[in-house]
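Quick note on labels: first sequence line is chain A, next is B, and so on, each numbered from 1.
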Amino acid sequence: MSKGQCLDGFKCKYLILLAQDKLLAHISELESVAQTFGFKLNIKQKAKISQSTGKTDFTKWIILQEIAEENVLKLMSRSVCAMSAFELWGSGSDFSSLKQSILEYPLEQKGDCFKESQSFAIRIKGIGKKMSSEIQRERIDLLEDVLPFQGKVDLVNPSGEFYLVEDYTNRVQGLPPKEPDAILFGRLLCNGQRSLIERYSLKKRKFIGNTSMDVMLSILMTNLGGINKNSVVCDPFVGTGSLLIPAAHFGGYVIGGDINYNIINARGRSSRKGAGWRQKDETIRHTLMEYGLRSQYLDVLLCDAACHAWNTNGKELFDAIITDPPYGIREACQKVGSKKQNPVVPELEPGLSHFPEQTEYHLEDVFKDLLNFAAQSLVAGGRLVYWLPVFRADYSPKVIPTHSLLKLMYNHEQILNSHSSRRLIVMEKLAKENVTETAQATISSSVFSGHNSFRDKYFSAHNGHESR
Amino acid sequence: MRLSTFVRMRLITHNMLTSHVKGVKNGYPLVIKAEDIKEQETDFNPDFISRMITRIEWPALTKAMEMIGHTDQLPEEVPKDYETNNDFLKQAHHALMEIEVITGSLTCPESGREFPIANGIPNMLLNEDEV
């Protein structure tokens, strides 16, 4: 039996250990990746009400059933929310039931693991509790009679790596419980993609901006966007291209637009402290080249999202739109325009370009334009993934922009501070036959009307004044 | 001053752009005036090109090639067997991905409004009196 193959007729279960992220987007991510690879995922996750805090606690692990092993590997080839995947050999609410379930796990399924030629390692992991070396040794001893390994122990590069996981997350009065809630044992299949976070770290990247997206979040957005090899991905507020890098990494072809001349042309001061002026190689194309992803770069343009130049007239261009529009806090919301009634553009000598005057771009319009753009330019089944800034006191589901051609898939809150958060919104384009052509984006609530609607509230709350 | 060697506009991009000047009905495709072109080899990915054939406007691509002086490099129509026709896909790949306009302009076919291309980046911003 080749290693890691579920025998015919046997239904393997898989344990997925999750990373600790407050966004709690792991199910959305795994569902989206599954859809990208063409299979369905049904995860039932138990939510517990914590005895000490009264808040809902989600488990730090999930079990996948009714799934082919190759599909588990596909999920892990993309996920940043999943840390590791294991073939589950046993589980129980206490140690003796765990041992019993390991014994009952079919011998044929355990395969060659116990052979003399196969080196092994057993790791002991506590979720919510540090397992001292003493406890670890004790557990390994207790498992000896159900795990008849004959091969050598190899802690560095074993043929088979096994984990005993004890879940102590159900805290009582702020302390881990005496006994674990659940104990699980499994054979490590593979890890997720969290190592990419270090590889693409912003600290090491030359070209960054004030609002370059955190690497983990940009990979998450790529996964939520259903991006795969050969996808065409657009960011209409591209900035330094931080959102497009994971898309390129996973085989997407990337294109972006921005209204900011300096950012697109590698001009102006660097966002990095003490770095002075931007250098000629601080462009998106060069960044992708440095990462070995040059082939994935299509183009960038100077383009106003309020009045874009994409040919969306009856043509579907993009598989995904991944973007982080400006909220008016660290980046101004601007579009081309003038405060004057009849602006006059000066005549320039040929060869000199005019830098158009910019004016307020109201947040309400930013999001309506974005949704209209997505509804026109995405292919059916394509996704729009973007952040929506929200003043928490104002939030209700009515605040989320809607469009009859776009279905809301996910909405995850990331709290920024006590009064504000931003929501990661994922929408999917419906097939055109089902909806009328003249659909337009709408926002039922008025929280985004008026210029600087978010910015004013944000800084008022920050300064402790009453919001206007 | 040495021209930046890092930025260009490809014909695949040109194929996706249109004139958004107020009141214009037929703003596609934009007329290309190319002063500086470079041919740069890139990895050939037949699956990607084959996918793009259904997304792009083929006549606009052949027109674009003519406008920059690369005539007779593409068939007038997409062949029926394009998905498996490697020779055709290679030609399409060369046109879409390997020809880059560094300096020039894109002109609205109806209003004549010019959008300059400098350092390979098309400037599609309208002026404040045009929006």
Self-check item: Euclidean distance, S377(A) OG relative to M16(B) CE, rounded to 0.5 Å
Solution: 10.0 Å
Quiz item: Based on non-hydrogen pairs under 4.5 Å, which of T13(B), L30(B), I12(B) is most in contact with chain A?
Solution: T13(B)
Self-check item: NZ (K80(B)) with more than 12 external heavy atoms under 6.0 Å
Solution: no
Practice problem: Could you look at L17(B) and say if it's the side chain, the backbone, both or neither that has a heavy atom under 4.5 Å from chain A? | Solution: both
Exercise. Pick one of side chain, backbone, both or neither for I56(B), based on which atoms fall under 4.5 Å of a heavy atom in chain A.
Key: backbone
Quiz prompt | Distance in Å, C307(A) SG paired with K22(B) NZ, rounded so as to fall on 0.5 Å steps | solution = 9.0 Å
Quiz item: Under a 4.5 Å heavy-atom cut-off, does chain B meet the side chain of I255(A), its backbone, both or neither?
Solution: side chain
Quiz item: So which heavy atom on N230(A) is nearest to which on D47(B), and how close?
Solution: ND2-CB, 3.4 Å
Quiz item: Under a 4.5 Å heavy-atom cut-off, does chain B meet the side chain of D319(A), its backbone, both or neither?
Solution: both
Practice problem: Using non-hydrogen atoms and a 4.5 Å limit, figure out which bit of R51(B) sits close to chain A: side chain, backbone, both or neither. | Solution: side chain
Quiz prompt | Side-chain heavy-atom pair D304(A), L126(B) within 4.5 angstrom cut-off | solution = no
Quiz item: Of all heavy-atom pairs between T18(B) and W310(A), which one has the smallest distance, and what is that distance?
Solution: CG2-O, 3.7 Å
Exercise. Please step through side-chain contact (heavy atoms from CB on, under 4.5 Å) for the pair K229(A) and N45(B), ending with a clear verdict.
Key: CA-CA 10 Å; K229(A) 268 202 196 117; N45(B) 180 349; over 6 Å; no
Quiz item: What are the two closest non-hydrogen atoms of I259(A) and L125(B), and how far apart are they?
Solution: CG1-CD2, 3.8 Å
Quiz item: Where on T54(B) is there a heavy atom nearer than 4.5 Å to chain A: the side chain, the backbone, both, or neither?
Solution: backbone
Quiz prompt | D299(A) side chain to R10(B) backbone, donor-acceptor under 3.5 Å | solution = yes
Self-check item: Residues, nucleotides or ligands: over 12 heavy atoms within 6.0 Å of K63(B) NZ
Solution: no
Quiz item: Rounded to the nearest 0.5 Å, what separation is found between the CE atom of M52(B) and the CG atom of L317(A)?
Solution: 9.5 Å
Quiz item: Quick one: are P122(B) and L301(A) in side-chain contact, heavy atoms under 4.5 Å?
Solution: yes
Quiz item: Do other residues, nucleotides or ligands put more than 12 heavy atoms under 6.0 Å from E41(B) CD?
Solution: no
Exercise. Inspect the surroundings of CD in E77(B) and state if more than 12 heavy atoms from other residues, nucleotides or ligands are less than 6.0 Å away.
Key: no
Quiz prompt | Interface residue of largest heavy-atom contact number with chain A, from M124(B), E100(B), R55(B), under 4.5 Å | solution = R55(B)
Self-check item: Residue E114(B) versus chain A: region with a heavy atom under 4.5 Å
Solution: neither
Quiz item: How long is the span from the OH atom in Y297(A) to the OG1 atom in T42(B), to the nearest 0.5 Å?
Solution: 13.5 Å
